[in-house]
Structure formats: C-alpha cells, structure tokens
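Here the structure comes first, spelled out in structure tokens, and everything after it is commentary.
Values in this document were obtained by computation on a predicted structure and should not be read as measured data. So you know, we letter chains A, B, ... as the sequences are listed, proteins then strands, and number each from 1.
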Amino acid sequence: MAGRIPLVLLACGSFNPITHQHMRLFELARDHMHQTGLYRVVGGIVSPVGDSYGKQGLVASEHRLAMARLALQSSDWVSVDDWESQQVDWTETAVTMRYHYGRIAAQYHHSKAPPTNGRPSSDVPQLKLLCGADFLDTFKVPGLWRDDHVEEVVGRFGLVCVSRGSLQPDRAIHESDLLSRHRQSIFLVREWVHNEISATEIRRALRRGHSVKYLLPDSVIDYIREHNLYTQDSEMKNKDIKLRPLTKQAIQD
Amino acid sequence: MASQEKTKLVLLACGSFNPITNMHLRMFELARDHLEDTGRYRVVKGIISPVGDSYKKKGLIEACHRLEMARLATENSDWITVNDWESQQSEWVETARVVRHHHAELISSENINDDVDTVRCGKRRKLEQNKNICQSSSYINTETDTPHLKLLCGADVLESFGVPNLWKSEDIEEIVGQYGVACITRCGSDAEKFINQSDVLYKHRKNIHVVREWVTNEISATHVRRALRRGQSVRYLLPDPVVRYIQDHSLYSSESEQKNADVILAPLQRYTSTN
C-alpha cells in the first residue's frame with residue numbers, strides 16, 4: 001500500500017450500548033477506503049458522547065466507555081477514546097475532530113524519521129468522520145448543527161458514510177446544497193446486507209427480558225447484566241430535557 | 001407447580017451452515033424467547049444439524065469444516081449444541097428422517113434417566129397420583145416429561161415445501177403434523193399467507209409457530225461467502241472464532257463456490273428419478 005494516504009476513522013455517537021453493527025461500520029469503511037486505491041486505514045476511534053448531551057435513555061458515560069472497551073478488546077486497529085465524554089459540557093463534533101486531528105498530526109511529526117532523499121516517508125494521516133446514513137439527515141434538523149461546523153466536518157475533514165437499511169444517503173446529499181458542494185469528500189459505503197440491528201432495539205429487547213446474544217459481544221452483555229443497565233427507568237432518563245446542542249447553540253445566535 | 005405444566009421443547013435446525021453466522025444463532029434465541037413468552041413451553045435444548053456433503057449444494061464445503069465452525073460458534077452457548085449424525089450418513093438424509101432420529105434419541109435418553117433416577121421416578125409417580133392420572137406404562141413418558149422436538153427454520157424453508165420434487169408430501173405432513181415447526185420470519189404475513197394457501201400446513205397450523213423478527217437481520221451465508229471471496233471483512237457477522245477458523249483454513253474461494261456446480265441437488269435427483 002505504498003504511496004497511499006494514511007487515514008484514521010472517527011466515529012462519534014451515543015454507543016448506548018455499542019453493538020456489532022457499530023463495529024461493522026469500521027470494517028466496511030476500511031474495506032471500502034482500501035478499495036479506492038487511495039487510502040491506507042491506519043486507525044479507528046470510537047468516541048462516545050458525554051452525558052451532558054442529554055439524549056433520552058443515555059446511561060452514564062463510564063458504562064458506555066467500559067462496554068466499548070470490552071467490545072474492542074480484540075480489535076487490533078480500533079480503540080476507544082474518552083476525551084469527548086470527559087469534557088464538562090457537550091462538545092461539538094467539529095471540536096472533537098479538531099482535537100483528534102491535532103493529536104494525530106502531533107504524533108506524526110514526533111515520530112517522523114529524518115527524510116531520506118528529502119522526501120517524507122509518508123503523509124500526515126487524514127481524519128474522517130465515520131457515520132451511518134441516518135447521520136446525514138441530522139444536518140437538516142434546525143439548531144442541531146452550526147453551518148460553519150458542517151463545512152468543517154464535511155469539507156475540511158470528510159465523511160465516510162455507511163448506508164443503512166433503505167436509507168438513501170445520495171438523496172440527502174442531493175437535497176442539501178452544502179453537502180452537494182462537498183460531494184468529493186463524502187465517501188458512500190453500501191452495506192448490502194440488510195441489518196437493522198440498532199442500540200435502540202437492543203435496549204428494547206433488554207427491557208423486555210429478551211435475548212440479545214450474537215448482537216453484541218458476550219463481554220458487553222455480561223457487563224450490562226452485572227450493572228443492571230437498560231431498564232424502564234434508564235430509558236426515562238433525560239425524558240423532558242432538551243438535547244444540549246439545541247440549547248447551547250441557540251445561545252450563541 | 002407451574003413449571004411442571006410447561007412442555008419441554010428441543011429446537012432442531014437443519015441446514016447447510018455454510019458457514020454458520022450470527023443470524024443462525026439469533027434464530028435460536030428469537031425462537032426460544034417467543035415460545036417461552038407463550039407461557040406454555042420451556043426450551044431446554046437447541047440442536048444444529050449441518051447437512052451432509054452428499055446434499056450436493058453448489059458451494060457446499062466439507063462437513064468436517066462446517067461442523068467445526070458450528071462447534072466454535074456455540075462454544076459460549078449453554079443450550080445450543082451441534083450434532084453430526086446427519087452429516088455422517090453416507091447418503092443425503094431427508095429432514096423428516098433427521099427429525100425422527102433426534103426424537104428417538106430424546107426418548108431413549110429420557111428412559112435412561114428414568115431407569116437410573118429412582119428417586120425422581122418416585123416423586124413423579126406421587127405427583128401423578130395426586131393428579132389422578134393413570135399411567136399404565138412403566139416408562140414415564142408423559143407429555144410433560146419427554147421434550148417435544150420442533151424444527152426451527154426460516155420462512156424460506158417453509159416456502160420451499162412448495163418447490164416440486166424437493167420434499168415428499170408425507171414428510172411435510174409428518175414434520176408439521178407430528179412434530180411442529182418454529183419459523184422465523186421478517187414479514188409475518190408472508191409466512192401466514194403461505195400456511196393459509198397450503199392445505200397440509202393449514203391443517204396443522206396450531207403446530208406452526210410463526211416467530212416475528214422485528215429487527216431485520218439478513219446476514220446470509222451467501223453474502224458472507226461473497227465477501228470472503230472478495231477479501232472483505234466478515235468480522236462481527238459471525239463469531240470471532242469462526243472468522244479465525246475460516247482464515248486459518250482458507251475456506252471459501254472462487255474455487256470452493258464452484259463445487260457441485262454441475263451436479264443436481266440430492267433431493268431433486270432422488271425424487272425426480274422415482275417419479
């Protein structure tokens with residue numbers, strides 16, 4: 001894979017809890033980016049959102065982090081990062097991306113060997129946001145994203161977007177001028193296997209005492225049982241609270 | 001007392017398992033939840049019975065590998081097991097025969113338990129006296145003791161009953177009539193429609209449990225084999241030990257997919273030639 005651009009994939013989200021489907025996103029994205037012939041995926045980061053996001057049913061970040069770590073124990077390229085969840089207030093995706101890109105670039109410059117023949121051994125890695133097709137629709141929700149942040153996330157960094165169920169991400173791109181403008185930095189990955197397993201469904205199954213085996217790693221299921229996460233009560237958390245991005249960004253207007 | 005009245009069930013899944021996937025394993029979990037939710041059943045065991053090589057399906061790799069992958073996949077299950085009887089037979093075995101075989105096994109192992117465990121026998125006899133049930137047989141073989149065996153399958157298998165020369169009609173009658181089926185389906189209405197349109201299935205509709213899979217999960221072995229041929233990741237679609245096994249043994253290539261390409265499927269060959 002000589003001459004390819006090194007790439008790190010960052011997935012932000014609730015991971016409430018992490019599922020096989022989340023981990024599949026990384027696998028699918030890596031295969032796709034390799035097949036373009038342009039990239040060499042060198043790392044993956046799972047960044048669970050902080051508790052102050054205020055989403056209904058969101059359990060404490062310490063649990064969501066622990067579950068993600070258990071799930072990714074056996075992965076040799078994807079890891080969990082707690083920076084976002086450790087911030088006091090909810091942190092915009094663009095800010096999280098800036099943080100991780102800064103880290104990756106610093107690491108690259110530190111470890112760079114003296115160039116031979118005046119040419120660097122490889123380029124500084126790029127960072128792209130890994131997401132599902134449903135994510136593109138969130139750009140349309142009033143007050144959820146700042147326009148300049150969308151420009152930064154999509155234009156400066158880029159998206160790797162995995163299609164989900166019947167959702168058509170190209171339609172979402174078509175219907176947004178901003179996304180259309182940055183079409184070249186949005187990589188669409190088609191997931192042919194129709195697989196609608198979501199964290200929402202898993203929480204529902206757990207509330208009803210149904211099995212979730214084979215939808216997430218056994219180690220995560222054990223953790224959920226030990227800590228009795230995901231009950232009727234946990235699903236009611238943040239019920240009447242407004243999502244933090246909607247209140248934080250309204251103030252700035 | 002309530003648990004005494006529940007019927008014990010064993011779920012038997014026949015198929016290629018080429019390879020086994022998380023979807024196959026989910027079928028067992030979904031069926032168990034559904035059947036136990038009715039309050040009438042207690043599912044005590046699951047059996048995976050991979051088909052023999054003589055089935056001659058295109059792309060079917062050796063039974064020894066398919067068995068081992070199924071074993072690796074069920075390592076961490078406390079109720080799902082793998083059985084090799086079907087795959088060890090020299091000729092292809094009709095599903096009805098496989099069901100019959102496993103039912104006979106269940107009965108004989110219950111009888112062994114009865115002979116050995118006299119204390120249990122005594123207790124059971126007392127309970128039955130209390131219930132005023134007359135047991136003439138010395139084998140304690142009541143409905144609540146020997147587990148019932150049901151075939152576990154996807155809606156596609158139910159619908160395959162309609163394919164000419166794939167099933168013997170008396171076999172279909174036996175499977176749904178004497179044993180019963182737990183059928184996992186995405187679109188409940190499709191399975192119910194098919195049952196309605198078939199006289200033999202309709203007759204035994206009480207024995208056919210349609211288990212609705214609310215969350216679509218179409219991880220098919222065909223898709224997995226395709227991804228493997230193209231060097232794509234199948235991680236998290238099958239259990240990790242199975243992924244490693246496939247890698248270690250370099251299973252599933254373009255060559256393996258061509259196996260049996262020019263051969264007629266065993267049941268079609270058998271039933272067409274007898275017509």
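Contacts with chain B were tallied for A:Gln21, A:Gln35, A:His34; A:Gln35 has the most, counting heavy-atom pairs under 4.5 Å. Ranking A:Asp218, A:Thr19, A:Leu215, A:Leu216 against chain B, the residue ahead of the rest is A:Leu215, based on heavy-atom pairs under 4.5 Å. Considering only heavy-atom pairs separated by less than 4.5 Å from chain A, the leading option among B:His223, B:Arg26, B:His34 is B:Arg26.
With contacts defined as side-chain heavy-atom distances shorter than 4.5 Å, the pair B:Ser233/A:Met23 does not qualify. Side-chain contact between B:Gln232 and A:His32: absent, with no pair of heavy atoms (C-beta onward) separated by less than 4.5 Å.
Taking all atoms of both residues into account, the shortest heavy-atom contact from B:Arg235 to A:Ser75 is NH1-CA, 3.8 Å. The minimum heavy-atom distance between A:Tyr214 and B:Ile80, with the atom names listed, is OH-CD1, 4.0 Å.
Within 6.0 Å of NZ on B:Lys45 lie no more than 12 heavy atoms contributed by other residues, nucleotides or ligands. Counted within 6.0 Å of CZ on A:Arg225, heavy atoms from surrounding residues, nucleotides or ligands total 12 or fewer; the atom is thus considered open. The environment of A:His227 atom NE2 is dense: over 12 non-hydrogen atoms of other residues, nucleotides or ligands sit within 6.0 angstrom. By the 6.0 Å contact criterion, NZ on A:Lys237 is enclosed, its count of non-hydrogen atoms from other residues, nucleotides or ligands being greater than 12.
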Pairs under 3.5 angstrom only: tabulate donor-acceptor contacts from the side chains of residues 205-212 of chain A to other protein residues two or more places apart or in another chain.
| residue | atom | partner | partner atom | Å |
| --- | --- | --- | --- | --- |
| A:Arg207 | NH1 | A:Glu235 | OE1 | 3.3 |
| A:His210 | NE2 | B:Asp37 | OD2 | 2.9 |
| A:Ser211 | OG | A:Lys213 | N | 3.2 |
| A:Ser211 | OG | B:Glu29 | OE1 | 2.4 |

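Interface remark: B:Arg32 contributes no atoms to any contact with chain A (heavy atom separation under 4.5 Å). Residue contact with chain A, scored on non-hydrogen atoms closer than 4.5 Å, is absent for B:Val224.
Separating the CD1 atom in A:Ile221 from the CG atom in B:Asn76 is a distance of 10.0 Å, to the nearest 0.5 Å.
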